[in-house]
A.B. asks: 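Sharing a structure below in structure tokens format, with a few things to ask.
By convention in this document, chain letters (A, B, ...) are assigned in the order of the sequence lines, proteins followed by strands, and residues within each chain are numbered from 1. Here the structure is a predicted model, which means the values were calculated and not measured.
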2 protein chains.
Amino acid sequence: MSLPLLKPVVTAADRVLQELLQDIVNGVIAPGSKISEPELAKRFDLSRAPLREALARLERCHLLERTPNAGSRVVKLSTENLLSLYQLREELEGLACRLAATQMNDAEIREMQELLDQHLSSQRVREGESYYQEAGDLDFHYRIILGSKNPYLINILTDELYHLMRMYRVQLGMNGPRVSRAFDEHKAIINAIANRDGELADLLMRRHIAASRRNIETKLRTQI
Amino acid sequence: MSLPLLKPVVTAADRVLQELLQDIVNGVIAPGSKISEPELAKRFDLSRAPLREALARLERCHLLERTPNAGSRVVKLSTENLLSLYQLREELEGLACRLAATQMNDAEIREMQELLDQHLSSQRVREGESYYQEAGDLDFHYRIILGSKNPYLINILTDELYHLMRMYRVQLGMNGPRVSRAFDEHKAIINAIANRDGELADLLMRRHIAASRRNIETKLRTQI
DNA sequence: TTTAGTCTGATTGTCGACAATCCTGCCTTT
DNA sequence: AAAGGCAGGATTGTCGACAATCAGACTAAA
């Protein structure tokens, strides 16, 4: 269940980035709250230089908003932005599917099919255990994105939009059902890719994401 | 002919960012060459802190590649990457058109139509003067992107991919013809948006960008 | 009472120096 | 002669302090 989404951690800025990322995505640092550089520097016991480096990268992920001479704030979640995010995702992941249908080799496709079967069985065993389901879904999307072999597309989806989407899912409590549905949809998408039918894979992925969007939208309507 | 693509310049990091951006896009700093932080700091007469801030932003634009403890290099131009870039652009600007067709208000659309007429007449006067043509094209695309009203889409196209595309255009000498063609295509796209026909605007924009890609591809084949 | 201005405190931006890491060339060893 | 290890030098990452800027409270005038 390896999600190599995390960049290599070698520098101090990398470490504090990981911690901040987790805290923001999980809502430990509340949306809309102000970021105090001196305070965080003290908390992580390092100077402001690597901290600022980390903040810059968080801004790149749309998790922070920085204004010159005024500091950083954690982004606020809104229905409008969620909609904008999903509009983009439908388009980009659809494109990823179309490209993956021609760019992935047979071994990669077979590996994904096996992976999906694994997820299915493990999911049946641990009914309702949402972590694995979540990780499985992420892994599925992640592999298709990589399969597109388009470096800019990969960068946008896995580096710049991914964590913001996670933030929405986590903070709106998206552990819920829609499990078996999602598995079937994943299976259909992989089959289309295995048949080298990029058009169909594109269409199915758009529907899959649209369904996910509607799911999260209803959740959002009842919560906020 | 205002292209408000440049963020407000208030800090020292902003200034050096602008200079570096220009030098990299124009090839003054050669593609593939290594960036020396001490050297640049001396050249711009400031410390390494704001310089590193600028480098981080250039990395975000895909103009630099940084590896931990090894420094930064200017990206190299390649046919594969150019293709990947245009694949993304077709998809994203197509989406921008579809959204703009419903999101732009009548005043914004009328303004764009007038702007296009201005460009056409000024272009007829200054035949072959490529700067205005270039600026006109950029302005056209820019306004449609903004018209989508999707903040993430806007950020990706105007902040993260825009300068890299400029780099390809400049360094491959894309001043050339394809002027009148482009104007007609622009006109058709705006008309589709004015008719609130997002599907058509999407299609036309994809074709427009595909034509531009083929144009730049032949240029690239003869040059490299 | 409202508004404009000022002053203070805190925060961000920048600086120069130190520590840690990596690359290069040379030397040793097989 | 080739491969591996070992300094030496240079570069990047990090630190603590200073300067510039901003937010908010307070005062004073209309």
A.B. asks: Looking at residues at least two apart in the chain, or sitting in another chain, which of them share a ring pair (Phe, Tyr, Trp, His ring centres under 6.0 Å) with His141(A)?
C.D. replies: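 Expected list: His186(A), His208(A).
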
A.B. asks: Within the 4.0 Å heavy-atom criterion, would you say Leu51(B) contacts the bases, only the backbone, or no part of the nucleic acid?
C.D. replies: nothing

A.B. asks: Describe the nucleic acid contact of Ala12(B) in one word from base, sugar-phosphate, nothing, applying a heavy-atom distance below 4.0 Å.
C.D. replies: sugar-phosphate

A.B. asks: With a strict under 4.0 Å distance from non-hydrogen atoms of chain A, what nucleotide opens and what nucleotide closes the contacted stretch of DNA chain D, reading 5' to 3'?
C.D. replies: dG13(D) to dC22(D)

A.B. asks: So, does Asn26(A) use its side chain to make a donor-acceptor pair with the main chain of Val28(A) at under 3.5 Å?
C.D. replies: no

A.B. asks: Calculate the interatomic distance between Leu46(A) atom CG and dA20(C) atom C1'; express it in whole Å.
C.D. replies: 15 Å

A.B. asks: Provide the closest heavy-atom pair for Arg206(B) versus Glu90(B) in the form atom of the first, atom of the second, distance.
C.D. replies: CG-O, 3.6 Å

A.B. asks: What residue pairs, at least two apart or across chains, pass ring pair (Phe, Tyr, Trp, His ring centres under 6.0 Å) with a residue in residues 41-82 of chain B?
C.D. replies: Tyr152(A)-His62(B)

A.B. asks: If you define the side chain from C-beta out and look only at heavy atoms, does anything of Val75(B) sit under 4.5 Å from Asn81(B)?
C.D. replies: no

A.B. asks: Over all heavy atoms of both residues, which pair between Asn150(A) and Ser84(B) is shortest? Give the atoms and the distance, please.
C.D. replies: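 Looks like ND2-O, 3.0 Å.
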
A.B. asks: Check DNA chain C against residues 52-75 of chain B and give the residues with a non-hydrogen atom under 4.0 Å, in numerical order.
C.D. replies: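 Result for residues 52-75 of chain B: Asn69(B), sorted by number.
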
A.B. asks: So which pairs with a foot in residues 69-81 of chain A pass salt bridge (Lys or Arg N to Asp or Glu O under 4.0 Å), sequence neighbours left out?
C.D. replies: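 Non-adjacent pairs meeting salt bridge (Lys or Arg N to Asp or Glu O under 4.0 Å): zero.
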
A.B. asks: So which pairs with a foot in residues 86-106 of chain B pass ring pair (Phe, Tyr, Trp, His ring centres under 6.0 Å), sequence neighbours left out?
C.D. replies: none

